Amino acid sequence: MSEVLSAGGPQQARSMGGFEEVASAQCFGGTQLTLVHDSETTGTPMRVSVYLPPAAKAGPLPAVYYLSGLTCSEENFTVKAGAQRMAAETGVIVVAPDTSPRGDGVANAPDYDLGQGAGFYVDSVVQPWAKHFKMSSYISRELPELIAEAFPVKREAVGICGHSMGGHGALTLALRHPDTFKSVSAFAPIVAPSQVPWGRKAFAAYLGPDETAWRDYDACSLLRERSFSSQILIDQGDADPFLDEQLQTWRLVDVLKETGQSAKVRMQPGYDHSYFFIASFIDDHLRHHARILKAL
């Protein structure tokens, strides 16, 4: 077996379920893992981080998936958000996958908002993207099944959270797959990607020119067609430089008023789009998920 570098120094790679361990570190009495596996959905190796709180040693726990934003990988949230302390306190497993397939032979673009690092959590139907860019199916089907087989996850108590592009992913995946995800929250989500430059560029490339097909990946459009069983939590900084052009939180607020969906949208004065913002409110989000999931 190959030698890998973990937080504790060189060690032999370990297999757990369908995953190979890349790195491991003790954290707040639990274990922070970085894993890799060969995905049948994307046809590529995929990396994912998993935090197992101390309570995981005693039996199945709720799990929360965290989806990162443009240009990020599984590492950004794991290192910068400071989620492990509250995950340990609430007894919630936290799973953070990469934002897209990567590697040789995987389609890419020179722009940061398309291609590797910018999967937008959709299933592409347009080549060259359709060969590998199946992030919706990967996050909603393949990955939860693999995680539940490898770790002590309470299968009926799984939530999803995300930031920016990942906030868009969290909202749309929860609305499209309520049997899989029972709680949802987001930081600075792209709430109406069909209406803003980031989303329109990605959707045209991944889904094609028929804008009616884009509605399945647009949170505002989905909320007009269906509701979510638990309260949605959204945090948005009012000093976010992307708020007016790309995020347009007001569109979601209007739809929530129109539909009566239970939600809490908090505009946070002075906060921007960075991980300083996420780290400031991640505890609230994990408590939100724990409250809902532990009641199931």
Side-chain angles (χ1 to χ4, degrees), residues 63-70 72 76-77 80-81 83 86-87 92 94-97 99 118-122 135-136 139-140 158-178 180-196 198-199 202 217-224 226-240 242-243 246-256 259 261-268 271-293:
V64 175
Y65 283 73
Y66 178 89
L67 307 183
S68 292
L70 288 168
C72 292
N76 297 77
F77 174 78
K80 295 180 178 180
M86 184 53 62
V92 171
V94 179
V95 181
T99 52
F120 269 84
Y121 305 102
V122 304
M135 291 300 291
S136 177
I139 299 296
S140 64
V158 175
I160 192 165
C161 176
H163 171 234
S164 193
M165 177 185 72
H168 138 75
L171 292 172
T172 57
L173 285 165
L175 290 166
R176 285 165 55 90
H177 302 281
T180 300
F181 303 111
K182 304 299 176 63
S183 60
V184 62
S185 70
F187 295 89
I190 307 170
V191 300
S194 298
Q195 306 297 320
V196 300
W198 276 343
Y217 298 104
D218 185 299
C220 285
S221 293
L222 288 169
L223 277 166
R224 288 190 172 96
R226 64 196 78 183
S227 61
F228 194 67
S229 60
S230 62
Q231 185 184 61
I232 299 170
L233 173 63
I234 306 288
D235 274 312
Q236 173 64 59
D238 72 359
D240 190 322
F242 304 112
L243 177 57
Q246 304 284 8
L247 308 177
Q248 299 189 356
T249 310
W250 59 268
R251 291 184 183 273
L252 180 66
V253 172
D254 286 348
V255 173
L256 292 171
T259 61
Q261 167 68 45
S262 176
K264 182 184 291 184
V265 179
R266 308 190 303 189
M267 294 299 295
Q268 302 292 0
Y271 283 90
D272 59 16
H273 201 70
S274 71
Y275 266 87
F276 295 113
F277 164 55
I278 296 169
S280 298
F281 300 103
I282 189 63
D283 286 2
D284 288 352
H285 283 245
L286 289 176
R287 291 191 192 100
H288 165 83
H289 288 278
R291 174 180 57 81
I292 295 168
L293 299 176

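Just so you know, these numbers come straight off a predicted model, no measurement behind them.
In this structure, H168 contributes its side chain and A219 its backbone to no donor-acceptor pair below 3.5 Å. In this structure a side-chain-to-backbone donor-acceptor pair under 3.5 Å is missing from H289 to A63.
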Kindly indicate, with the supporting measurements, whether the criterion side chain to side chain contact (heavy atoms under 4.5 Å, CB included) is fulfilled by L252 and L223.
CA-CA 9 Å; L252 180 66; L223 277 166; 3.5 Å; yes
Would V255 and R224 count as a side chain to side chain contact (heavy atoms under 4.5 Å, CB included) if you check the C-alpha gap in whole Å, the side-chain angles of each, and the deciding distance to 0.1 Å?
CA-CA 7 Å; V255 173; R224 288 190 172 96; 3.3 Å; yes
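In terms of heavy atoms, G159 sits closest to L293 at N-CD1, 3.7 Å. Closest approach of G169 to L67, counting heavy atoms only: C-CD1, 3.7 Å. Nearest heavy atom pair, residue M135 against residue Y121, reads CB-CA, 3.7 Å. Closest of all the heavy-atom pairs between G69 and S164 is CA-CB, 4.5 Å. Smallest separation of non-hydrogen atoms from S136 and L173: OG-CD2, 3.6 Å. Here the shortest heavy-atom pairing between V94 and A87 reads CG2-CB, 3.8 Å.
Neither side chain, N76 nor S68, offers a donor N or O lying under 3.5 Å from an acceptor on the other.
Rounded to the nearest 0.5 Å, atoms OG (S140) and NE2 (H177) are 3.5 Å apart. Note: C220 SG to L256 CG = 7.5 Å, rounded to the nearest 0.5 Å. One finds the OG atom of S183 at 9.5 Å from the CZ atom of R291 (value rounded to the nearest 0.5 Å). Between S274 atom OG and H163 atom NE2 the span is 7.5 Å, to the nearest 0.5 Å. Note that the OG atom of S262 and the CZ atom of F228 stand 10.5 Å from one another [nearest 0.5 Å]. Taking OG from S230 and NZ from K182, the interatomic distance works out to 9.5 Å, rounded to the nearest 0.5 Å.
A cation-pi arrangement is absent between R176 and F181, since the terminal nitrogen or guanidinium carbon is not both under 6.0 Å from the aromatic centre and inside a 45° cone about the axis.
F187 has its ring centre less than 6.0 Å from the ring centre of F277.
Counting heavy atoms from C-beta on, the side chains of L70 and F120 come closer than 4.5 Å. Side chains of L243 and W250 form no contact here, defined as non-hydrogen atoms less than 4.5 Å apart. Between T259 and S227 there is no side-chain heavy-atom pair separated by less than 4.5 Å.
Note: Y66 and F77 have parallel aromatic rings, judged against thresholds of 30 and 60 degrees for the angle between ring planes.
Look at R251 and D254 and you find no salt bridge, because none of the NZ, NE, NH1 or NH2 atoms lies under 4.0 Å from a carboxylate O.
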Check: residues 232-240 side-chain donor-acceptor pairs under 3.5 Å, at least two apart:
from : atom 1 : to   : atom 2 : distance (Å)
D235 : OD1    : R266 : NE     : 2.8
D235 : OD1    : R266 : NH2    : 3.4
D235 : OD1    : Q268 : NE2    : 2.8
D235 : OD2    : R266 : NH2    : 2.8
D235 : OD2    : H285 : NE2    : 2.8
Q236 : OE1    : T249 : OG1    : 3.4
Q236 : NE2    : D240 : OD2    : 3.1
D238 : OD1    : G270 : N      : 2.7
D240 : OD1    : F242 : N      : 2.8
D240 : OD1    : H273 : ND1    : 3.4
D240 : OD2    : H273 : ND1    : 2.6

